[in-house]
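Chain naming here is simple, since letters A, B, ... match the order of the sequence lines and numbering starts at 1 in each. Computed from heavy atoms alone, side chains included, the values below leave out hydrogens, waters and symmetry copies.
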Amino acid sequence: MSYNFKEIEQKWQNIWEDKKIYKTDDFKDNKYYCLEMFPYPSGKLHMGHVRNYSIGDVIARFKRMMGYNVLHPMGWDAFGLPAENAAIKHNIPPAKWTAQNIANMKSQLKKLGLSYDWDRELAACDPSYYKWTQWIFLKLYEHGKCYRKAAAVNWCPSCATVLANEQVIEAECERCGTEVEQREMEQWFFKITDYADRLLDDLEELKGWPEKVKIMQKNWIGRSTGAEIIFKVSGIDEEIRVFTTRPDTVFGVSYMVLAPEHPLVERLIENAEHRQEIVEFVRKARNMSSRDRTLSTEKEGVFTGAYCINPANNEHVPILIANYVLMDYGTGAVMGVPAHDQRDFEFAVKYKLPIKIVIQPEGEDWSQKELTQAYAEEGVLINSAEFSGMHNKEAAEKITEWLAEKGLAKKAVTYRLRDWLISRQRYWGTPIPIIYCENCGILPVPEEQLPVLLPLDVKFKPSGKSPLLDCPEFLHTKCHKCGGDAKRETDTMDTFIDSSWYYIRYTSASETDKPWDIEKANRWMNVDQYIGGVEHAILHLLYSRFLTKFFYDIGMLEHKEPFENLLTQGMVLKDGAKMSKSKGNVVSPEDIVDRYGADTARLFILFAAPPERDLEWSDKGVEGCHRFLNRVWRLYDLLLDKEILLADKKSLNEKGLSEYDAGLRRAVHRTIKKVTEDVDKRFNFNTAISAVMELINYIYGYADKVPKKDRNKAVVKEALETIALLLAPFAPHIAEELWEKLGYTESVHCQKWPSYDESAIKEKMITIAVQINSRVRARISIPADISTEEMKERVLNEPQVQKLLDGKEIVKLIPVPGKLINIVVK
RNA sequence: GCCGAAGUGGCGGAACUGGCAGACGCACUGGACUCAAAAUCCAGCGGUGGCAACACCGUGUGGGUUCGAAUCCCACCUUCGGCACCA
């Protein structure tokens with residue numbers, strides 16, 4: 001027999017909604033902003049969502065009971081490709097499809113009993129939202145952080161759109177896994193590279209972020225410091241700029257390599273002997289798909305016939321073209337120092353280029369040495385004119401300065417991070433607020449004309465061009481400047497822009513004449529706790545940090561970082577693999593809620609593993625959690641009667657308690673302590689729940705041993721109340737019902753979190769372990785408040801211990817107060 | 001290749017600051033209740049040996065530090081995640 005979870009959960013969900021107990025007051029002090037990453041409205045909740053939102057809900061409910069004014073909102077990342085694909089496949093407009101999905105998922109979320117302030121709900125596809133996404137675009141444009149340029153860009157043939165660098169994983173599309181192609185196109189970019197240093201440096205201030213995520217961002221930004229050095233081309237008036245992190249090795253340069261796309265290539269090979277061969281090589285390298293190019297480890301190159309001059313020693317070095325040099329990193333040119341760079345070494349061996357040692361380990365003489373691999377360690381310079389003998393670290397500085405004086409070098413910093421390509425040749429996204437006027441050129445749409453509305457009646461043909469091109473009412477417009485004919489930009493924005501500022505919008509979601517109220521945003525920000533999957537470690541989290549910094553710069557926000565503490569939850573697995581349709585190992589949250597109730601579903605997902613770790617789904621484990629809730633329910637039936645209801649906790653007198661009652665009270669207060677610490681300090685919900693389970697087991701034992709007439713009513717009442725309060729964040733419905741059974745009319749979720757009484761926890765006698773040579777040989781009972789000296793004495797006088805020590809010499813006594821004593825003997 | 005995380009019973013996991021390894025849950029075994037089953041309740045449950053008290057072994061592997069190591073250090077193995085010609 002199960003408790004009637006269906007009736008109970010429905011009942012309380014209705015009451016919570018009617019009474020709006022989760023509505024947040026903007027102007028109360030002691031704010032706490034708890035946020036989970038908003039979902040894409042695919043139509044159905046999956047277990048990953050349930051996990052994400054259960055974790056967030058525990059934190060929100062706990063903080064509320066701790067007296068915080070909690071902001072806990074929910075919304076929809078509602079723009080994106082699946083809606084368009086559904087439109088093509090099922091002939092249903094994206095707006096309609098999305099709205100249905102939102103309605104469906106919202107009802108699923110409500111069935112989980114999550115404590116959201118639904119009045120702040122937002123959807124990225126709503127004109128009242130994307131109007132401000134467009135406004136942000138205009139601000140970036142106005143501040144020179146948004147520009148248009150032609151570039152070789154990543155193109156996904158399956159999604160029929162371009163992608164940002166961050167959205168290409170191992171040369172494949174992040175969304176669909178299709179191999180990405182390179183295309184030359186005119187596109188819009190956000191200048192995230194202007195923020196590279198701040199995005200990197202401020203990572204240090206994010207004390208509440210997992211180290212792992214910070215390292216991933218750091219590597220992604222990839223800052224390298226070094227120098228840019230100019231090599232003049234021999235015979236013609238051209239120069240090659242190279243970026244290097246090792247200016248100390250410049251005397252060891254034995255060749256120069258350019259990327260096949262390098263602009264100087266044409267000019268250099270004009271008069272080359274084997275021109276045709278070289279042209280063929282360049283053509284082949286350029287046409288290679290980015291996948292083949294990054295995955296082929298074979299370094300290939302070709303000599304251009306031209307030479308350049310090493311600015312350090314005026315030596316002529318050959319200029320080659322090689323497939324391993326990337327045009328979009330550094331300057332697209334690399335100085336080859338085979339003796340001190342492994343990749344250059346291999347290339348030099350293959351093409352029989354000279355290998356010149358310019359750094360040797362301190363105290364060794366390498367003037368005659370033949371290298372079998374590059375020496376990339378620290379050392380002392382040789383063969384480097386007046387710099388010979390200098391430590392290479394120092395030489396790097398000095399050589400750069402020396403060349404800089406001659407105008408042939410400067411200190412330089414290079415990043416791996418690229419500017420954020422934000423144009424998408426798709427329909428279901430925020431229209432880019434730009435027009436192309438026949439007379440005035442490229443113009444941003446004036447603020448007062450926002451939003452540029454997405455037309456709802458559009459035909460879909462995935463052609464690689466925006467469907468908006470086929471929509472004349474949208475496409476053709478008048479120039480606001482000259483009144484002449486103009487065309488609208490038909491690309492839409494990357495949906496990652498929508499999700500890069502939604503957390504600020506929640507602070508003033510109903511604002512109609514500005515993106516947010518600055519005062520409110522400043523009050524609520526930062527997000528105190530952000531919760532979501534690690535898959536967003538770079539994409540979403542980096543973009544959000546970038547925009548937050550921009551908002552700070554233009555005075556829209558007084559915070560430089562959006563997320564104070566970040567919790568990256570693990571995946572939900574079944575049979576060791578991520579749940580997916582193709583593997584057929586999906587467990588539907590709806591089914592689980594239907595069969596066992598939301599409280600059971602939540603409890604299991606919180607109990608089965610700590611939040612950061614992957615969680616293995618177990619149907620049996622779910623049943624176990626359901627059994628536990630039934631056990632709690634029956635415990636109330638067993639213990640709760642009129643006398644208990646009438647008992648007054650204030651009448652509790654510690655001194656007069658029987659051994660059993662004192663024991664029960666100790667268990668209750670210990671559990672409060674354990675649960676509070678586990679939830680507050682460590683987010684270890686699994687151990688918090690197990691502590692409550694232990695308490696329930698303890699109380700069953702108490703009820704078994706102590707006859708009804710001998711039970712202290714106030715102690716029992718305190719125990720029952722504590723259970724409801726401690727369970728409230730995890731299993732909110734049953735906790736509420738139990739709280740009502742105790743005779744209360746105000747919601748358990750509006751109660752103060754229980755505090756524990758240290759004196760109730762204290763025990764008079766404790767059991768310590770007696771070790772002899774680090775092995776536990778006995779256990780003895782001693783008074784808890786005894787001194788270390790007394791403890792030693794007691795242990796040594798214990799007959800049991802004396803027997804064990806018989807005939808042995810005590811070398812050392814190591815007491816650990818409250819725990820054990822180790823007797824080292826010979 | 002580089003960077004990072006994790007390896008503990010049959011399983012999910014606990015052990016927070018170096019101090020009694022295996023909390024809690026699942027599975028399993030035995031018992032109670034029942035005509036029977038389910039549900040529930042009680043008990044047991046790392047391995048080996050022993051009637052038993054007990055002894056020995058045991059936290060991926062090998063070494064080390066320490067009175068004492070799942071925990072700290074070194075080397076290695078395996079799994080997972082990130083980056084991948086980054087000059």
Side-chain angles (χ1 to χ4, degrees), chain A residues 1-2 169-171 210-220 222-224 226 242-246 249 257 259 293-299 322-326 328-337 341-344 346-347 414-416 534-535 537-538 570-571 573 576 603-604 607-610 612-625 627-628 630-631 634 674 677-678 681-682 684 686-694 696-697 700-701 704 767-779 811-825:
Chain A
M1 259 296 285
S2 171
I169 316 287
E170 284 188 10
E211 213 51 41
K212 174 174 67 167
V213 174
K214 289 194 273 186
I215 289 169
M216 280 165 72
Q217 291 215 352
K218 187 178 170 208
N219 291 341
W220 188 263
R223 176 162 69 192
S224 299
V242 292
F243 172 75
T244 178
T245 54
R246 297 292 305 273
T249 64
V257 247
R293 187 132 164 218
T294 46
L295 296 187
S296 78
T297 43
E298 194 51 37
K299 292 162 191 48
N323 62 353
Y324 75 85
V325 182
L326 308 173
D328 62 356
Y329 182 79
T331 58
V334 179
M335 61 182 215
V337 188
D341 180 287
Q342 188 56 27
R343 197 191 37 202
D344 293 350
E346 284 160 26
F347 191 76
T414 299
Y415 304 88
R416 217 189 72 107
V534 236
E535 65 273 19
I538 295 170
M571 287 186 295
L573 311 177
L603 199 69
F604 169 73
F607 176 67
E612 315 80 24
R613 262 212 255 181
D614 286 351
L615 180 152
E616 177 68 31
W617 184 266
S618 155
D619 291 331
K620 290 288 183 188
V622 177
E623 278 174 39
C625 286
R627 238 184 333 251
F628 165 69
N630 274 312
R631 221 166 123 74
R634 280 195 307 273
K674 169 82 177 150
E677 285 173 358
D678 280 354
K681 293 192 186 130
R682 313 193 299 156
N684 278 7
N686 54 334
T687 51
I689 292 166
S690 79
V692 181
M693 287 173 170
E694 279 180 86
I696 300 297
N697 292 345
Y700 267 103
D704 206 31
T767 305
I768 62 160
V770 179
Q771 296 184 332
I772 293 171
N773 286 345
S774 307
R775 287 180 167 275
V776 179
R777 284 292 127 104
R779 266 169 244 276
V811 181
K812 210 173 174 185
L813 273 181
I814 299 149
V816 182
K819 286 190 174 151
L820 56 76
I821 184 159
N822 189 7
I823 307 168
V824 184
V825 299

I need the [atom1]-[atom2] distance between [X] and [N], as an integer number of Å.
{"X": "A/Asp614", "N": "B/G81", "atom1": "CG", "atom2": "C1'", "result": "9 Å"}
{"X": "A/Asn219", "N": "B/A5", "atom1": "CG", "atom2": "P", "result": "12 Å"}
{"X": "A/Arg775", "N": "B/A69", "atom1": "CZ", "atom2": "P", "result": "10 Å"}
{"X": "A/Phe604", "N": "B/C24", "atom1": "CZ", "atom2": "P", "result": "18 Å"}
{"X": "A/Asp704", "N": "B/A43", "atom1": "CG", "atom2": "P", "result": "8 Å"}
{"X": "A/Lys299", "N": "B/A84", "atom1": "NZ", "atom2": "C1'", "result": "12 Å"}
{"X": "A/Asn773", "N": "B/A55", "atom1": "CG", "atom2": "P", "result": "14 Å"}
{"X": "A/Gln771", "N": "B/U66", "atom1": "CD", "atom2": "P", "result": "18 Å"}

Original post:
Taking the six-membered ring of A/Tyr324 as reference, does the NZ or CZ atom of A/Arg343 fall below 6.0 Å from its centre and within a 45° cone about the axis?
Top reply: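 Checked: cation-pi criterion not met.
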Determine the interatomic distance between [atom1] on [N] and the same-named atom on [M]; round to the nearest Å.
{"N": "B/G58", "M": "B/A5", "atom1": "P", "result": "28 Å"}
{"N": "B/G50", "M": "B/C67", "atom1": "P", "result": "37 Å"}
{"N": "B/G4", "M": "B/C16", "atom1": "C1'", "result": "23 Å"}
{"N": "B/C24", "M": "B/U78", "atom1": "C1'", "result": "29 Å"}
{"N": "B/G18", "M": "B/A27", "atom1": "C1'", "result": "34 Å"}
{"N": "B/C3", "M": "B/A84", "atom1": "C1'", "result": "11 Å"}
{"N": "B/U79", "M": "B/G25", "atom1": "P", "result": "34 Å"}
{"N": "B/C56", "M": "B/A43", "atom1": "C1'", "result": "27 Å"}

Note, [X] side chain near [Y] side chain (heavy atom, < 4.5 Å):
{"X": "A/Phe604", "Y": "A/Glu623", "answer": "no"}
{"X": "A/Glu677", "Y": "A/Arg682", "answer": "no"}
{"X": "A/Val825", "Y": "A/Val811", "answer": "no"}
{"X": "A/Val257", "Y": "A/Met335", "answer": "no"}
{"X": "A/Lys812", "Y": "A/Ile823", "answer": "no"}
{"X": "A/Leu615", "Y": "A/Leu573", "answer": "no"}
{"X": "A/Ile821", "Y": "A/Ile814", "answer": "no"}

With heavy atoms under 4.0 Å as the rule, sort [X] into base, sugar-phosphate or nothing.
{"X": "A/Arg223", "answer": "nothing"}
{"X": "A/Gly624", "answer": "sugar-phosphate"}
{"X": "A/Ser618", "answer": "nothing"}
{"X": "A/Thr767", "answer": "base"}
{"X": "A/Val816", "answer": "base"}

Considering only [options], which nucleotide approaches the side chain of [X] most closely?
{"X": "A/Glu694", "options": "B/A84, B/C24, B/A27", "value": "B/C24"}
{"X": "A/Arg416", "options": "B/C26, B/A87, B/A84", "value": "B/A84"}
{"X": "A/Asn822", "options": "B/G68, B/C83, B/C85", "value": "B/G68"}
{"X": "A/Asn323", "options": "B/C85, B/C42, B/G4", "value": "B/C85"}
{"X": "A/Ser690", "options": "B/C24, B/C86, B/A27", "value": "B/C24"}

Original post:
If you pin A/Ile215 and A/Phe243 to their nearest nucleotides in RNA chain B, which one's is more 5'?
Top reply: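 First, find each residue's nearest nucleotide; the 5'-ward one identifies A/Ile215.
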Original post:
For A/Arg343 and A/Glu616, take the nucleotide of RNA chain B holding the closest heavy atom to each; which residue's nucleotide lies nearer the 5' end?
Top reply: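 Checking each residue's closest nucleotide, the 5'-ward one belongs to A/Glu616.
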Original post:
Using a 3.5 Å cut-off on both pairing distances, which stems of three or more Watson-Crick or G-U pairs include RNA chain B?
Top reply: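 RNA chain B forms these stems: B:1-7 with B:77-83, B:10-12 with B:24-26, B:28-32 with B:40-44, B:46-49 with B:54-57, B:60-64 with B:72-76.
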**OP:** Quick one: pull up OG1 in A/Thr331 and CZ in A/Phe243 and give me the separation to the nearest 0.5 Å.
**Re:**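 Here the rounded value is 9.0 Å.
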**OP:** Go through the steps to decide whether A/Met571 and A/Val534 satisfy the test side-chain contact (heavy atoms from CB on, under 4.5 Å), and finish with yes or no.
**Re:** CA-CA 9 Å; A/Met571 287 186 295; A/Val534 236; over 6 Å; no
Original post:
Under 4.0 Å between a side-chain N/O of A/Arg627 and OP1 or OP2 of B/A39, yes or no?
Top reply: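 No, because none of the side-chain N or O atoms of A/Arg627 sits under 4.0 Å from OP1 or OP2 of B/A39.
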Subject >> Distance test, side-chain N/O of A/Asn697 to OP1/OP2 of B/G25, below 4.0 Å >> reply: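 For B/G25, OP1/OP2 do have a side-chain N/O of A/Asn697 under 4.0 Å.
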**OP:** Please check if atom NZ in A/Lys214 has more than 12 non-hydrogen atoms from other residues, nucleotides or ligands closer than 6.0 Å.
**Re:**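 More than 12 within 6.0 Å, yes.
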**OP:** Return yes if the base of B/C67 and the side-chain atoms of A/Lys812 contain a donor-acceptor N/O pair under 3.5 Å, otherwise no.
**Re:**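 No.
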Original post:
Does a donor on one side chain sit under 3.5 Å from an acceptor on the other, for A/Arg416 and A/Asn219?
Top reply: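 Short answer, no.
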Hey, what are the protein-to-nucleotides 14-18 of chain B N/O distances that come in under 3.5 Å?
| from | atom 1 | to | atom 2 | distance (Å) |
| --- | --- | --- | --- | --- |
| B/A14 | OP1 | A/Asn686 | ND2 | 3.0 |
| B/A14 | OP2 | A/Arg613 | NH2 | 2.6 |
| B/A15 | OP1 | A/Arg682 | NH2 | 3.2 |
| B/C16 | O4' | A/Arg682 | NH1 | 3.3 |
| B/C16 | N4 | A/Lys674 | NZ | 2.8 |

**OP:** For B/G12, decide between syn and anti, treating a glycosidic angle within 90° of 0 as syn.
**Re:**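 Anti.
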